[in-house]
**Q** 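What follows is a structure written as structure tokens; I'll ask about it next.
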Amino acid sequence: MLREMGLAPVWRLRDAPGATEDSPPAEAPASVAVAAGVAPVVAAPAPAVLPARTAVLPTASPLVAPACVVTEGMDWDALEAAIGACRACPLHERRTMAVPGVGDRAADWLFVGEGPGAEEDLRGEPFVGQAGKLLDAMLAAIGLARGRNAYIANAVKCRPPGNRTPEAAEIAACQPYLERQIALIQPRIIVALGRPAAQTLLGGEVKINAARGRLFDRAGIPVVVTYHPAYLLRSPQDKAKAWEDLCFARAALASR
């Protein structure tokens, strides 16, 4: 799975002692094991790896639901039916299928991306295609899988035309759905995949490089910010940073 992420046979933590942009990668931990039929689990780095990057930033406000969409009290069936029938913004006009989310509805981990792409729009499932394969590899590297202690959703539930970044009004229209998903799942940690997802969850301007390695608090739930898998496909040199972020998130969850 590390090979799928572009991190095998070697990888390097960005902040390893003495490391610079030109430093050669360090060897991967010998504790990575692959057993037949079992998703590989990579041992978490020692707590001292990221000691200076664990500061908790000011608490982010919960999402604010527009008055036009009411999700209070909805169970999963009602929520997904509402998403499928939603007409709250123009994105519904060109969609093939709405894409609510997929995974374990009682998961500790919630991964939130930006919005559906072309393949997601056709299948009604988030993160399929090449970006989905990379996300699956990232999940497997920390012992997770779709449907096993992880739920995957997006900030918007319908595909923006041409896979463009969702507009503020579109995100606002979908916020009640994501808010209700969070309330139903009650995750122990949320991973924001990309800038639009991070800004939706944290309610303000977010720069990925500045937010990485910092533990945000969202109504009592820790939030970790990392790169979107689609970005990593375009910029494979940052896959090691995404791996570092997953290790950071896993350490944060273990400490709770």
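Just so we're clear, the structure is a prediction, and the values are computed from it rather than from any experiment.
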**Q** To the nearest 0.5 Å, what is the distance between SG (C158) and NE2 (H92)?
**A**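 Here the rounded value is 8.5 Å.
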
**Q** Is the closest basic N to carboxylate O distance between R164 and E170 below 4.0 Å?
**A**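 The answer is yes: the pair qualifies as a salt bridge.
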
**Q** Would you please test E93 and R159 for salt bridge (Lys or Arg N to Asp or Glu O under 4.0 Å) and show each step?
**A** CA-CA 10 Å; E93 296 171 359; R159 180 196 179 197; over 6 Å; no

**Q** Give a yes or no on whether the backbone of G220 and the side-chain of D217 come within a donor-acceptor separation of less than 3.5 Å.
**A**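 Between the backbone of G220 and the side chain of D217 there is a qualifying donor-acceptor contact (under 3.5 Å).
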
**Q** Just one of R250, R148, R188, R256 clears the salt bridge (charged side-chain N to carboxylate O under 4.0 Å, His left out) bar with D108, so which one?
**A**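 One option only clears the test, and that one is R188.
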
**Q** Test your reading of the model: is there a side-chain donor-acceptor pair from Q181 to the backbone of P100, 3.5 Å cut-off?
**A**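 Yes, because the side chain of Q181 sits within donor-acceptor range (under 3.5 Å) of the backbone of P100.
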
**Q** Do you know the tightest heavy-atom contact between N163 and A118?
**A**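 Taking N163 first and A118 second, the nearest heavy atoms are OD1-N, 3.6 Å.
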
**Q** Is the shortest side-chain N to carboxylate O distance from E72 to R180 below 4.0 Å?
**A**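 Salt bridge: no.
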
**Q** Using every non-hydrogen atom in the two residues, find where W109 and L246 come nearest and quote the distance to one decimal.
**A**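 In this case the closest contact between W109 and L246 is CH2-O, 4.4 Å.
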
**Q** Determine, stepwise, if the pair L122 / V128 fulfils side-chain contact (heavy atoms from CB on, under 4.5 Å).
**A** CA-CA 10 Å; L122 292 174; V128 295; over 6 Å; no

**Q** Does L201 form a side-chain contact (heavy atoms from CB on, under 4.5 Å) with I182? I'd like the steps, not just the answer.
**A** CA-CA 10 Å; L201 289 162; I182 294 172; 4.0 Å; yes

**Q** Measuring from atom CG of N154 to atom CD of E120, what distance do you get when rounded to the nearest 0.5 angstrom?
**A**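 Rounded to the nearest 0.5 Å, the CG-CD separation comes out at 7.5 Å.
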
**Q** How long is the gap from CD1 on I142 to SG on C247, to the nearest 0.5 Å?
**A**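 I142 atom CD1 to C247 atom SG measures 8.0 Å (nearest 0.5 Å).
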
**Q** Closer than 3.5 angstrom, by distance alone: can the side chain of S235 be matched with the main-chain N or O of L232 as a donor-acceptor pair?
**A**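 Pair absent, no side-chain N/O of S235 close to backbone of L232.
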
**Q** Nearest 0.5 Å please: distance from the OG1 atom of T96 over to the CG atom of D121.
**A**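 Spacing of OG1 (T96) from CG (D121) equals 3.5 Å.
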
**Q** Give a yes or no on whether L139 and V99 share a hydrophobic cluster (residues Ile, Leu, Val, Met, Phe, Trp, Tyr; joining criterion: side-chain heavy atoms under 4.5 Å apart).
**A**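 Hydrophobic grouping puts L139 apart from V99.
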
**Q** Apply side-chain contact (heavy atoms from CB on, under 4.5 Å) to the pair V102 and Y151, showing each step before the final yes or no.
**A** CA-CA 6 Å; V102 67; Y151 191 91; 5.7 Å; no

**Q** Is R214 reaching over with its side chain to a backbone N or O of A210, donor-acceptor style, under 3.5 angstrom?
**A**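 Yes: the side chain of R214 pairs with the backbone of A210.
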
**Q** Could you tell me whether E80 and R105 make a salt bridge, using a distance below 4.0 angstrom between a side-chain N and a carboxylate O?
**A**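 Salt bridge between E80 and R105, a charged N being under 4.0 Å from a carboxylate O: yes.
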
**Q** Do M138 and L110 share a hydrophobic cluster, counting only Ile, Leu, Val, Met, Phe, Trp and Tyr and linking them when any side-chain heavy atoms are less than 4.5 Å apart?
**A**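 Yes, same cluster.
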
**Q** Go through the side-chain N and O atoms of K207 and Q199 and say whether any donor and acceptor fall under 3.5 Å apart.
**A**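 No donor-acceptor contact under 3.5 Å links the two side chains.
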
**Q** Might you point out which heavy atoms bring V156 and P116 nearest each other, and give the distance in Å?
**A**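 Here V156 and P116 meet closest at O-CD, 3.3 Å.
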
**Q** If we only count heavy atoms from C-beta on, is the P236 to K239 side-chain gap below 4.5 Å?
**A**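 When only atoms from C-beta onward are counted, K239 and P236 do touch, with a gap below 4.5 Å.
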
**Q** Say whether, by atom type as modelled, one donor and one acceptor occur between the side chain of D75 and the main chain of A78 under 3.5 angstrom.
**A**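 At least one qualifying donor-acceptor pair exists.
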
**Q** I need the minimum non-hydrogen distance between Y177 and C86, along with the two atoms involved.
**A**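 Heavy atoms of Y177 and C86 come nearest at OH-SG, 3.1 Å.
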
**Q** If we ignore hydrogens and angles and just use 3.5 Å, is the side chain of R87 paired with the main-chain N or O of A85 as donor and acceptor?
**A**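 Side chain of R87 to backbone of A85, a donor-acceptor pair under 3.5 Å: yes, one is there.
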
**Q** Which heavy atom of I190 sits nearest a heavy atom of P187, and at what distance?
**A**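 Looks like CG1-CG, 4.0 Å.
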
**Q** Using a strict threshold of under 4.0 Å (side-chain N to carboxylate O), is an ion pair present between R146 and E125?
**A**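 R146 and E125: salt-bridged.
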
**Q** Is the shortest heavy-atom distance from the side chain of Y227 to the side chain of I208 under 4.5 Å?
**A**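 Yes; the side chains approach each other to less than 4.5 Å.
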
**Q** In this structure, is the centre-to-centre distance between the rings of F111 and H228 below 6.0 Å?
**A**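 Distance test on ring centres: not under 6.0 Å, no.
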
**Q** Is it the case that one hydrophobic cluster holds both I189 and L193, taking links as side-chain heavy atoms less than 4.5 Å apart, direct or via other members?
**A**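 Yes, I189 connects to L193 through the hydrophobic network.
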
**Q** Start with the C-alpha gap between L215 and V224, add the side-chain angles, then the distance that decides, and say whether side-chain contact (heavy atoms from CB on, under 4.5 Å) holds.
**A** CA-CA 6 Å; L215 198 62; V224 171; 3.7 Å; yes

**Q** Is K133 salt-bridged to D136, cutoff N-O under 4.0 Å?
**A**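 Answer for the salt bridge query: no.
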
**Q** Could you state whether F216 and L253 fall into the same hydrophobic cluster, counting links through intermediate Ile, Leu, Val, Met, Phe, Trp or Tyr residues with side-chain heavy atoms under 4.5 angstrom apart?
**A**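 Same cluster.
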
**Q** Which heavy atom of A155 sits nearest a heavy atom of V112, and at what distance?
**A**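 Smallest interatomic distance, heavy atoms only, reads N-CG1, 4.0 Å.
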
